[in-house]
Amino acid sequence: MSDIVAEVLGACNTSIPTGAHIISRSTSGQTDAANGNTSSLAQPSFIVHSTWSQRDLVRMEKRTTEKMLLLTATSDKASSLHLGIGCDVTDAKAVAYSLDGSVKAVFTKFKPKKAEEEKEVIEVHSVAGKVATNDLAASKRHGKLYMDGEFGSFELSNSADSTHILYVAEKYRPKSESFFSVMANKFPEDPAMSDTNIGTEYVYRDDWGEQLQKKHQPVMCVLDWTDNHVSVLDNIPPNISPGQPVWTPDGSGIVFVGYDHLPERLGLVYCPVRKSRLYHLVVGESKMALPLTFEDQAARCPRFSPDGRTLVYIETEVGGPHFRAMRLMKIAWNQQYASNPEVVISVPKESPTKPDDFPGFYNNALPKRCWASDNKRVVCSTAWRSTHQIIVVNTETKQITPITQSLQSTLPKWDLLDVHDDIIVAAASSPNILPRLYAAKLPPGGRDSEIQWVLVDEGAGADKNLEKEAALTEWGIEVIKDKRSGLDYEAIWHKPSTRHKPLGVILWPHGGPHSVIPAGFDIYANALVRLDYAVIFVNYRGSVGFGEKNLRSLLGKIGENDVEDCFRALDVMLGKWKLSMEETDILVQGGSHGGFLAAHLIGQFSHVFKACALRNPVVNIASKFGTTDIPDWAYEESGLRYPYDSPPTVPPYMEFLKRSPIVHVDKVRTPTIIMLGEKDRRVPPGQGMEFYRALKLRNIPTKVLRYPECDHPIAEVDCEADSFVQMVHWFRQYSTVKNEE
């Protein structure tokens, strides 16, 4: 087991780029710090602040490092210079910069000496140093801040002095006290009791589900950091929960997403299909916020162009599969009016026939800054089959140009981090190349495809021989066609290149089911390959990035088409590698819907798999329906329409049950380890326990690991690492092939 632990320790040393912020520097009149002379720069230059996340198995948490680069740009190319050594900025939970980069706001948390509760503060910095520290709890204007991807925002105002900060927090609620507390009974007239809710400490309140626990009612707030005054913007419709606010270009108002929370709050994370509209609110006026987009749509991520004349955002219909091709929309904007929304990227009507055909826009978020300086083009990333690509979209001509395809064969996964003054910073990786940072100068309109990417930071690979490391493993993408439907799907394979026969072959389907595993670097998949396993990721029919016909072909067919595709991918890859099922240790692991598929596979093909690992698996859709934060999932994936306005008295439980892995449990012979997050609201731990009990009663070797602080992803550093070691040890325990090389 020591070699497994060693691989985990090595994997956790990998740093992953998570963000970047580009700041323009003046091209003339700059002072040389060494001699005080003023010089004129021949080329525009930029400071890039990049952030990198790394797992720390000593602190048992993820730590964040900030690095700084100096970029210089010619008319068509960028070059870089590192500025010193990175520093730890883990305590900075959010950072915002003024438009000119001269003011920086930092949201942080800390626990004061002898205090029981954590404090939330916003610090403001300038060239003079720290100029303000604002204690957010002191005003009692709101509760905890939101820094999630569904509601959260943290932005300095667009004014010249940047004195106001926009953010989202939980609505203030007075402290709950028991009916029997000393204060409630002995001092009922005490003024302090006016700020107390008596007898409410056990009252249940709806929240927004998985990973948004205790987030009940968000409010938008504006802090004037010069005097610590907080304003709560409350003139919004009572049926909505506001989120993702941005300042309007003139700074007089905000545009935000309003999620409709009636009649119920359904889970938002991974589900960009909830009823929501964009609203405009003028700050400082009593007028109610006005909607900008149509009703019965799901809108998100408003982003203004640099000149403030165009607003783009992402939109789709309410309901249906939880992730699918989205529309990029735009609104013409000025201070007096906003036009009706117009489609920029539509959902392609025809299915792509070639890998290079644009399959649709598959992303539920835009970077904070995504516009080119011409105010016409938007830069964004999208799933494109089993890759992630960056595209340039002309909002006037609606032309879509991929700008990373020239490097796709070696670096298939690209994540856009920031765009400013036509400088683009992105992260790129492959299954055997660690994530690294690239920069490019966006060419003038019409020449987007001529872009030249420059490697500016090798990340964790800076201290390694990358060519030697990459040569230890090999990978590829196998295209597989389903003959009956004519639709294709893909398997990403990754295996040791120095070993004739792997210790075992691990089949790894993704969750969702409407998601995708891109052909990028995964620290734990890479660790498996270094431990001499071959890994097969399956992007089965129904995955995103392959067109809408392909995606929707899975509705009503879960437990059938996806299971069939996974098993066929295994068969194809074994044939390609000249391995037989009988003489190879075939293993399977998956989480969420991937766990659903793994449980199906060991039931439907019980003779094939030597061992199985499940993470928060769906095993019984019928019993999950009443306890999950996304009850609509059961309907939509069963080929039915969820009745949002009139929830059913008796759901179609038999339809749910017949598609569930639990109906095949009598045929299971595979030893199975089950890993559960006790805070999981998406697939509650009762699902895994139901499967565990069924296996144990049938004398199938099984084991459960319960992680008290984990929700659906099991992403806490210590738990994630432990679950990996436990899984590999389980696989070895029930494997027949031994490491003889």
Side-chain angles (χ1 to χ4, degrees), residues 12-27 30-37 39-56 62-92 95 97 100-102 104 106 125 127 367 369 390 404 407 410-411 413-430 433-442 451-470 520-521 523:
C12 289
N13 284 330
T14 303
S15 54
I16 309 294
T18 56
H21 187 84
I22 306 165
I23 297 175
S24 301
R25 300 181 72 205
S26 173
T27 58
Q30 292 199 349
T31 301
D32 188 324
N35 55 32
N37 293 333
S39 62
S40 178
L41 298 177
Q43 300 169 343
S45 62
F46 305 84
I47 298 292
V48 177
H49 297 262
S50 63
T51 52
W52 301 69
S53 178
Q54 189 173 25
R55 294 158 173 84
D56 187 328
K62 288 183 180 178
R63 306 293 293 180
T64 303
T65 299
E66 182 181 73
K67 301 180 184 181
M68 291 178 63
L69 290 169
L70 175 64
L71 285 182
T72 56
T74 62
S75 60
D76 60 356
K77 194 174 180 180
S79 59
S80 68
L81 174 68
H82 280 269
L83 299 177
I85 300 172
C87 61
D88 190 294
V89 292
T90 304
D91 291 339
V95 175
Y97 292 88
D100 62 1
S102 63
K104 174 183 176 181
V106 179
H125 302 259
V127 291
R369 301 191 296 186
I390 298 177
T404 48
L407 296 172
T410 53
L411 295 167
K413 184 177 186 290
W414 288 77
D415 294 303
L416 178 64
L417 300 179
D418 194 23
V419 182
H420 177 62
D421 277 358
D422 292 338
I423 295 294
I424 305 174
V425 174
S429 70
S430 78
I433 296 179
L434 283 74
R436 41 187 35 199
L437 213 61
Y438 280 81
K441 170 77 172 177
L442 184 66
I451 195 166
Q452 297 183 50
W453 291 97
V454 176
L455 175 64
V456 296
D457 195 326
E458 292 182 88
D463 298 326
K464 298 181 180 181
N465 185 323
L466 289 179
E467 291 184 2
K468 184 178 179 181
E469 289 277 321
F521 192 87
I523 67 166

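Ile390 and Thr404 get closest at one heavy-atom pair: N-OG1, 3.1 Å. Thr410 approaches Ser430 most closely through the heavy-atom pair O-CB, 3.2 Å. Considering every non-hydrogen atom in both Lys67 and Gly459, the closest pair reads NZ-CA, 4.1 Å. In this structure, Lys441 and Asp421 approach most closely via the heavy-atom pair NZ-O, 3.8 Å. Across Asp418 and Arg369, no two heavy atoms sit closer than the pair OD2-NH2, 2.6 Å. Closest of all the heavy-atom pairs between Ile22 and His420 is O-CD2, 3.5 Å.
Under the rule for a ring-ring contact (aromatic ring centres under 6.0 Å, His included), the partners of Trp414 that lie at least two apart in sequence or sit in another chain are Tyr438, Trp453.
Atom OG1 of Thr64 sits about 10.0 Å away from atom CD of Glu66, to the nearest 0.5 Å. Of the inter-residue distances, the one linking Gln54 atom CD with Arg63 atom CZ reads 10.5 Å to the nearest 0.5 angstrom. Rounded to the nearest 0.5 Å, atoms CG (Asn13) and CG (Asp56) are 9.5 Å apart. Atom NZ of residue Lys104 and atom NE2 of residue His21 lie 10.0 Å apart, to the nearest 0.5 angstrom. For the atom pair OG (Ser50) and CG (Leu417), the distance works out to 8.5 Å, reported to the nearest 0.5 Å.
In terms of modelled atom types and a separation under 3.5 Å, the side chain of Ser15 and the main chain of Trp52 share no donor-acceptor contact.
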Start with the C-alpha gap between Leu434 and Glu458, add the side-chain angles, then the distance that decides, and say whether side chain to side chain contact (heavy atoms under 4.5 Å, CB included) holds.
-> CA-CA 8 Å; Leu434 283 74; Glu458 292 182 88; over 6 Å; no

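Leu70 places a side-chain heavy atom less than 4.5 Å from the side chain of Ile47. Counting only heavy atoms from C-beta outward, the side chains of Val95 and Val89 never approach each other to under 4.5 Å.
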